[in-house]
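Structure record follows, encoded as structure tokens.
Computed from heavy atoms alone, side chains included, the values below leave out hydrogens, waters and symmetry copies. Within every chain, numbering begins at 1; the chains are lettered A, B, ... in the order of the sequence lines, protein sequences first and strands thereafter. Because the structure is a prediction, the values reported are computed rather than measured.
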Amino acid sequence: MLARRRAGTPAPPKKPAPPKTPAPPKTPAPPKTPAPPLMLYPAAMPGTPTNANTVTRFAPSPTGHLHVGGARSALFCWAFARREGGRFMVRIEDTDQARSSEESARGILEDLAWLGITWDDGPVLEVRQSAMGNGQSARGVVIGGSSRAVGPFFQAQRVPIYNAYIEHLVRLGRAYPAFESNEELEARRKAVVALKQNYKYQRPDDITPGQFNKARWERAQAGERHVVRFVMPEEAIVVADEVLGDVRTAGGEVDDFVIRKADGFPTYHLAVVVDDELMGVTHVMRAQEHLINTPKHVALQRALTRLRDDRDALSPAGDAFRTPVYAHMPLIFNADGSKMSKRDKAKAARKHLKELMAKDASATPATVAQRAALSEGVVSAFIAGESDAVETASAIASAYAIALPEIEVWDYRASGYLPEVLTNYLALLGWSPGLKNPDGTDVDKFDLDFLAKHFSIERIGKTNARFDRVKLLAFNADAIAKLGDQEFITRWLGWLSTYAPQVHSGLAGPYSQQQLLWLAQAVKPRAKTLADAHKSVAFILLADDAVVLDPSAVQRGLAGQAAPVNKQDPPTGLTGRHVLVAMRQALADVPDWEPANIDSAIASLAQAKGVSLGSAATGLRIALTGSTVSPGLGHCCAILGRERTLARVDRCLAQA
RNA sequence: GGUCCCAUCGUCCAACGGCUAGGACGCGACCCUUUCAAGGUCGAGAUGAGGGUUCGAUUCCCUCUGGGAUCACCA
């Protein structure tokens, strides 16, 4: 318990420097006393509540869209940096040549911007208006760059730096080139596993820790295909985690892991350690799946020393690398407890497809391929489960109107969730403010400003969480309901313009500002997302002569008798149709065409005719929408306008 | 399987040795109502098991059980 309460504040970064703060005292980096054998704590300055030198970072690998788990990591890092008055940085970890793409990096940055998570250091992103979800105009806003000159922020552009540190380690005898082929390694692993033993890479006999192996280095320099491995020290390593407490890894657990791949790119372990040091990262907050990697990183930090010249392995060595404060946060899973994965989309699409093909003989890979504009081979492979490509799943889903599960931030944006709701909900997964509202309930609705003020590592939980879409949806509905009418209109139209342009033009053009406000009042309380908002007013988008009257509704509401005001009263003897005829006149006579007046006209008419308000309303409702379901009639009529309202009533009377 | 992490209502979080274990989502009932929503009120619902420590354990310790992460030239 005590362990996690340590308010770790690491040594200030070497290249500090937001110029406005008085330069932090240049404490000659606390001489890292020869590391104590077992315990390794971050250099701490106890009692410092906030620290403008705090630097956190979110370091996604650009291999797809931003995952909700990643979004939460980014959110916590952002919030912590804000709380401390420090800096939040984004770094793109694109050292996997095969899987990384610039497009994906841009998408991730846009998703972050949409969520309102902005970075002080990182890639430059010019925000397009559509990228912002808060309804504010953000056209031309530029996020990112670096006032600290610690970039570039794409690791692929930093390879010479990693190479300098790698060579430095090799010359120190702390790393060495290894020449085994993949096949060779795989064969050894299989052999060991077959004996039910645990596989570990065996350090070659000619490697002596602390001794530069010149022969191997020369082979490598001569161009022989190789990787570089780190000489993992034997001692136990204790990671002082702010969430989990001390986590001890016994000596000899970790083997000589690869720090540079055969393609010349560093592995994650090396790159992350070098960059975090060079970029002054003080707090590493990431998902618990990385906990097990941390001893590797600590070992690397203890082996590395700053080079005067980052690109020259032979340059004089400077201060030792520092160990940042670590905080590993719990994982996020699906509601069923399974791991959240992009493959869920493929699974969902495949399932629907299989059901469809079982029911409908005309659905074959060929017809599916045609309809989804894919090749038959791709579709067959997809159905067979040989491919889980998101693109394939999406194409099939849109061709067959299949709802795919939302798992990436992008999906929630497209589904009409508000960014502040997503960040609110995400913050509650693994963290809580621990505050009470005046009425005694727990504080659970808050915005980014609140987070920036109240976030703390101490209140991060340890247990894995399940992502509950139903609760998120409820939060979204609440947030939409709370939006002001004008605010709702702005954001709704903004969403429609990118995701449902036809609906957008059907509303934004023809309707007046006043009508749009009425529309907001009609739609808002019925909308759980911006995407489903138009459902309740779909009838408005129809041409007046395109309203389809539901026969059973007509039977009940128009042909049948209108109910009396009180159930005990004698039958009225009037059909719904009779009432509607009178209703037409009442509507024609409404003085000012606005919801309240229309509603009261309807009520007066019902009273005058001695029929229940419900039955009087039903007739009109059928005339306007063809069905017995709609928002309040006052609003419906008001939005439609008197002329179109009467036209629909007339048409209904003529048909029913 | 090795190593590591975790354990409070169905789910997400509160309660950091001390009042009938609290809130949110979901669920049920009722109320309101111009249909559908929304809204309001009430309710059911949890400390995984067994041992300790203590005047007192959800809370501290141990064992078991259960869940998870990780064992790559991915991050």
Side-chain angles (χ1 to χ4, degrees), chain A residues 1 5 59-63 93-96 98-100 178 180-182 185-186 189 193 196-200 225-229 241 243-245 247-250 253-255 257-263 265 267-269 271-272 287-293 295 328 330-331 333 335 337 339 425 428-437 439-445 458-459 461-475 477 481 523-528 536 553 557 599 602-603 606 612-618 620-622 625 627-634:
Chain A
M1 216 53 192
R5 298 297 169 231
S61 65
T63 56
E93 309 223 322
D94 55 352
T95 54
D96 182 343
R99 296 197 303 163
S100 298
E180 297 91 344
S181 70
N182 261 332
L185 254 20
E186 192 50 41
R189 179 179 298 119
V193 172
K196 285 189 176 174
Q197 285 176 335
N198 227 26
Y199 174 77
K200 255 180 69 182
R225 188 176 171 83
H226 70 285
V227 300
V228 176
R229 287 179 183 270
D241 190 277
V243 173
L244 267 12
V247 179
R248 184 175 188 280
T249 304
E253 277 304 322
V254 184
D255 63 8
F257 57 94
V258 173
I259 57 176
R260 186 170 69 193
K261 300 175 269 184
D263 64 6
F265 280 80
T267 59
Y268 162 71
H269 306 300
V272 85
Q288 247 174 51
E289 60 191 283
H290 289 295
L291 179 63
I292 231 138
N293 291 324
H328 287 95
L331 271 14
F333 294 97
K339 194 174 177 178
Y425 178 71
L428 255 15
L429 253 31
W431 184 81
S432 78
L435 299 173
K436 294 274 185 200
N437 290 310
D439 67 357
T441 56
D442 295 344
V443 172
D444 62 355
K445 299 277 176 71
E458 292 76 49
R459 297 202 61 87
K462 301 178 178 187
T463 57
N464 295 162
R466 297 177 184 210
F467 194 94
D468 184 353
R469 291 192 177 84
V470 179
K471 182 165 177 177
L472 174 65
L473 189 61
F475 270 42
V523 167
K524 225 174 28 166
R526 270 159 268 262
K528 288 185 190 294
S536 53
D599 275 330
I602 294 169
S612 74
L613 183 50
S615 59
T618 300
L620 178 56
R621 187 164 276 122
I622 293 167
T625 72
S627 78
T628 54
V629 177
S630 83
L633 285 171

#### Entry: 5' precedence on RNA chain B between A:Glu289 and A:Gly634 (nearest-nucleotide basis)
A:Gly634
### Message
Let's see if you can work this out: which of B:rC6, B:rC25, B:rC5 has an atom nearest to the side-chain heavy atoms of A:Asp468?
### Response
B:rC25
### Query
Has A:Lys471 got a side-chain N or O lying under 4.0 Å from the OP1 or OP2 atom of B:rC12?
no
### Message
Does B:rA72 have its OP1 or OP2 closer than 4.0 Å to a side-chain nitrogen or oxygen of A:Arg189?
### Response
yes
### Query
OP1 or OP2 of B:rC74 sitting under 4.0 Å from any side-chain N/O of A:Lys261?
yes
### Upstream residue (5' side of RNA chain B) when A:Phe467 and A:Glu93 are each assigned their closest nucleotide
A:Phe467
#### Entry: Proximity to the side chain of A:Lys462 - top-ranked nucleotide from B:rA38, B:rC6, B:rU3
B:rC6
#### Entry: Between C1' of B:rC12 and CZ of A:Phe475, the distance in whole Å
9 Å
### Message
For B:rG23 and A:Lys445 - does any side-chain N or O of the residue sit under 4.0 Å from the phosphate oxygens OP1/OP2?
### Response
no
### Query
According to a strict under-4.0 Å criterion, is A:Arg459 in side-chain N/O contact with OP1 or OP2 of B:rA15?
yes
### Query
Can you tell which of B:rG23, B:rA15, B:rA75 lies closest to the side chain of A:Asp442?
B:rG23
### Parallel, tilted or perpendicular: ring planes of A:His290 versus A:Tyr268, cut at 30 and 60 degrees
tilted
### Query
Between B:rG2, B:rC5, B:rA38, which one does the side chain of A:Asn198 approach most closely?
B:rG2
### Summary
Annotated structure of RNA chain B as dot-bracket, pair cut-off 3.5 Å, Watson-Crick or G-U only, | for inter-strand, is (((((((..((((....[...)))).(((((.......)))))....(((((..]....))))))))))))....
### Phosphate contact (B:rA14 OP1 or OP2) by A:Ser432 side-chain N/O below 4.0 Å
yes
### Query
Taking the side chain of A:Thr441 as its heavy atoms from C-beta onward, which of B:rG26, B:rC12, B:rA24 lies nearest to it?
B:rA24
### Query
Of all the choices, B:rC12, B:rC36, B:rC6, which nucleotide is nearest to the side chain of A:Val629 once you look at every atom?
B:rC36
### Any donor-acceptor pair under 3.5 Å from A:Asp241 side chain to A:His328 backbone
yes
### Query
Which one, B:rC13, B:rU35, B:rU70, comes nearest to the side chain of A:Ala465?
B:rC13
